[in-house]
Amino acid sequence: MFKKDIQPGAKTKVKSSVQRGIRAKVLETYPLLEPHIEEILPKKSQIDQTKLPDRVTLYTLPSTPLFWQHMDDPILPHLTLVHKYPHAFHRLRVDRGAIRFVLSGATLMVPGLTSPGGRLPGEAKGGEGDEEGRWGEKDLSEGEIVVIEAEGKESACMVGVLKSGTGEMKKVKKGVAVEGGHYLGDGLWKLHLD
Amino acid sequence: MADDDAAEESVQQRNVPPAKHVIYCGVCSLPPEYCEFGGTVSKCEQWLKKNNPEMHAKMYSEDAVNEKLSSLSVEARAKAEKDSQKKAAKAEAAATREAEKLANSMIYIKRVERNKRKYVTVVSGLEAFGYDLKKVAKDLGKRFATGSSVTKNAGNTGEEITVQGDVSDDLFDWIEENLENIPEDNVECIEDKKKKAG
Ligand SMILES: [Zn+2]
């Protein structure tokens, strides 16, 4: 989504009614953020929005990026937010070999997740980084928002939308897993607003 | 305040993990564990060593490095190595280009006659050295107790700072003393003799 550097548009204030809507949508999409919502989107604060290329809107408070949204698609978190509340998102893991592809903006392919270093829900293998509940138990369906972590790393390197269900991935072991997400070092990551 | 306390309390009650504080690399901006994938690893390592020795010791110990390598096949390792060499070379070239560009960037201080015996002093080129024109203009206004603002340049191709009054010489000294990024040789005073308004 953000392979190129971004020239941000104007920053505008989000109306309080719209702000309430965003808050509700965030809680609906990420129920586990509920205990933190006052930290993330305090009720009395003023959120700003910035138009980015390709019809993406970035929500910031005051200039710290929180969430972004392509048109009316689901609201996705900025990676700095994911880094703060990793437990609040569905997480998968790519093997070490796939990391450099993710960081160069390549489409994430299924084998990076199904190889021995990768993890899908229900696949905690008792190895390093397989602490309880990290990868969840239930399979995820196409269209769900996932955070991509990496073998041997603590923090996530990408967030995006599943192009295929994880149950299907386990069976087929090939094809596109996540496309057009937000990854470490991309244009959105490098964007600094003041 | 009360709200904050309430939020915190509810977090504790429900045994929810608190917000994590992730450190980001001062060189490449990624979490330091991902520095190895960029082209600035050696600079990143130096930064971490200085700013977070503890994390540095963990991340760059011999064991840690060997472990990383052993998790990849020989083939993948060779590829990754080649890739990171390429990236490093690229970053190096970019840094050299940038340094060359800076070495050739000039700051011009120009005295411009506005009316008879009324002058303004125009400074251009500061942005190439990473200075925020607005901020510098403000500092100059304070320093010379005069009007100082960011203005469009003649060709409308960029911005420069216009200071009211003829302060060329003092300005030259001020730049030398206060703007450390700029070598003295890169600053030049020129006089606008043609009385053409800038
Ligand atoms: Zn770094």
#### Entry: Residue part contacting chain B, namely of Thr80(A), when any heavy atom lies under 4.5 Å
both

### Task
To the nearest 0.5 Å, tell me how far Cys28(B) SG sits from Lys190(A) NZ.
10.5 Å

### Query
So, does Lys153(A) use its side chain to make a donor-acceptor pair with the main chain of Glu33(B) at under 3.5 Å?
yes

### Hphob cluster co-occupancy, Leu162(A) + Leu32(A), side-chain heavy atoms under 4.5 angstrom
no

### Query
Going hydrophobic residue to hydrophobic residue with side-chain gaps under 4.5 angstrom, can you get from Leu140(A) over to Phe89(A)?
yes

### Task
Against chain B, label Leu184(A) side chain, backbone, both or neither, depending on which of its atoms sit under 4.5 Å from a heavy atom there.
both

### Query
Under the 3.5 angstrom rule, does the side chain of Tyr34(B) hit a backbone N or O of Ser155(A) as a donor-acceptor pair?
yes

### Flag if over 12 foreign heavy atoms under 6.0 Å of NZ, Lys170(A)
yes

### Query
Should the heavy atoms of other residues, nucleotides or ligands under 6.0 Å from CD of Glu54(B) be counted, would the total exceed 12?
no

#### Entry: Contacting moiety of Ala150(A), where chain B heavy atoms sit under 4.5 Å
both

### Message
Are Lys84(A) and His21(B) packed together at the side-chain level, in the sense that at least one heavy-atom pair is separated by less than 4.5 angstrom?
### Response
no

### Query
Cluster question for you: counting only ILVMFWY and a side-chain heavy-atom cut-off of under 4.5 Å, with indirect links fine, are Ile161(B) and Ile190(B) together?
no

### Message
For Glu176(B), I'd like to know if atom CD has over 12 heavy atoms of other residues, nucleotides or ligands within 6.0 Å.
### Response
yes

### Query
Is there a side-chain contact between Phe37(B) and Phe101(A) (heavy atoms, below 4.5 Å)?
no

### Query
Where on Pro86(A) is there a heavy atom nearer than 4.5 Å to chain B: the side chain, the backbone, both, or neither?
side chain

### Cluster overlap Val112(B) with Leu171(B), hydrophobic side-chain contacts below 4.5 Å
no

### Beyond-backbone contact of Glu34(A) with Val16(B), side-chain heavy atoms, under 4.5 angstrom
no

### Query
What pair of heavy atoms forms the shortest contact from Pro31(B) to His83(A), and how long is it?
CG-CE1, 3.8 Å

### Query
If you measure from the Lys or Arg side-chain nitrogens to the Asp or Glu carboxylate oxygens, is any gap between Arg96(A) and Glu36(B) under 4.0 Å?
yes

### Task
Tell me whether Tyr59(A) is reachable from Ile145(A) by hopping between hydrophobic residues (I, L, V, M, F, W, Y) whose side-chain heavy atoms are closer than 4.5 Å.
yes

